[in-house]
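Just so you know, residue 1 is the first one in the sequence shown, and it goes up from there.
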Amino acid sequence: MPSRSDITYFGAGPAALPTDVLEAASKALLDYNGTGLGIAEHSHRSELATNIINEAKADLANYLGFSPEQYEVIFMQAGGTGEFAASVYNLVGAWVSRQHAALKKELGDDEEAILAALRKKVETELKVDYIVTGGWSLKAYQEAQRLLGPEYVNLVADARTINGGKFGKIPDESTWKLSKDAAYVYFCDNETVDGVEFPSFPSILTPDANGNGPIVVADMSSNILSRRIPVNNHSLIFFGAQKNLGSTGVTVAILKKNFLPPHTVQPSPPLLRKLGLPIPPIVLQYEIIAKNNSLYNTLSIFDVYVAGQVLKKLLSTYPDKVDGQQAVAEKKASLIYGALEAHPEVYRIVPDKAVRSKMNICFRVTKNGDTDETEKAFLKAATALGLTGLKGHRSVGGIRASNYNSIPLEGAEKLAKVIDDFAKSS
């Protein structure tokens, strides 16, 4: 049987974790800091739990370079899929609150007139915008339609329309159809299944010199912590921990504080009912979770601890923080893509070169004309050398090398060699 050191795991998630983090976590599970209890046994209401949460929040802000005075870090449950719903509930609620406040200023205390005007605004002006570039942004778009109704959901761009019905490109921004004053604009920064990554923040969404611009929501589940991002251009960033941050079981939302009290208070359930809009479950309501420092209900402190240990390792490894990790990620991706490009007669990289993901490298093995059998042979050859988790997503097939932060440079070098050797074999 292989040992842990024999394996380089390229699975798309849950991803591998640093061995020293797992070793520390295994000790903490038995006895955390000499308390005689494992970390999973301590109360989530304890001072110990609060300290773990606060340290992880501070380290995340430090590593990514955003201000804790401007952004709240919230640890949640329900994964990225839960955040598809949470972003709808909370940002549509914020839109309603802004409209209600403006109408109250205009109409005074006439609640019937305010409600009538607000209903009309919902019917004629409420829009949420979605840029669909892969399987996950498509799911987010469909969830918004399910919760709100398709009449409120605007499809800004659909990448399939420029790529023969398949994902693999990002439409030019000049073709995007953004709504006027949308409640928010959503995009998925890195599509895990399809290997598509935005090369940079979309310029059309960038705030102007006065800080005015669209309310932007980004799903960064599979590329967070891998490159520098302009956090200040976003109102909400969310991501599951299980790719680059930690273990399955915790989801993170980085939310601009002007979407929380006292700046913004979510509308009451009775008002939402009168407007025909969905009422969020409490566990998906950001203002409630933030008010309780992520401890409204029982949070897995163990998972937050693991995430915190990953962040501490990143900060100790890279004095230049995320920029240091980005340089390594780019080098690893360059090695793998370079090996594939050296043999175009054997390998076909799925996404367009301009939008290739550095985290999820998707390709087909077309050698000898029998793709299915050749890919099985490739996977067998890679597995024999300890390179596992390379099978593509069930919905698209092929090969997918997930080049997350836990993949060492040596792992990328091994994969590049396998790619080269397989191409040259008979």
Query raised in the report: For the side chain of Ser294 and the backbone of Ala290, is there at least one donor-acceptor N/O pair under 3.5 Å apart?
Result: no
Query - Modelled atom types, side-chain donor and acceptor of Asn403 and Lys358, under 3.5 Å - result: no
Report task. Report yes or no: does Tyr63 contribute a side-chain atom to a donor-acceptor pair with the main-chain N or O of Leu225 at less than 3.5 Å? Result -> yes
**Report entry** Whether Thr366 side chain and Val346 backbone form a donor-acceptor pair below 3.5 Å
**Finding:** yes
Requested in this report: Go through the side-chain N and O atoms of Glu173 and Ser203 and say whether any donor and acceptor fall under 3.5 Å apart.
Outcome: yes
Requested in this report: Indicate, with yes or no, if the rings of Phe201 and His234 have centres closer together than 6.0 Å.
Outcome: yes
Requested in this report: Start with the C-alpha distance between Asn190 and Asn360, add both sets of side-chain angles, then the distance that settles side-chain contact (heavy atoms from CB on, under 4.5 Å), and finish with yes or no.
Outcome: CA-CA 8 Å; Asn190 184 76; Asn360 305 104; 2.7 Å; yes
**Report entry** N/O donor-acceptor pair under 3.5 Å between Asp189 side chain and Ala218 backbone
**Finding:** no
Query raised in the report: Between CG of Leu178 and CD1 of Ile131, what distance do you get to the nearest 0.5 Å?
Result: 6.5 Å
Query raised in the report: Given side chains that start at C-beta, do those of Phe238 and Asp219 come closer than 4.5 Å, heavy atoms only?
Result: yes
**Report entry** Partner set under salt bridge (Lys or Arg N to Asp or Glu O under 4.0 Å) for Arg348, not counting sequence neighbours
**Finding:** none
Query - Modelled atom types, side-chain donor and acceptor of Ser179 and Asp129, under 3.5 Å - result: yes
Query raised in the report: For the ring pair Tyr286 and Phe259, is the centre-to-centre distance below 6.0 Å?
Result: no
Query raised in the report: So, is the end of the Lys139 side chain (NZ or CZ) under 6.0 Å from the ring centre of Phe84 and within 45° of the ring's axis?
Result: no
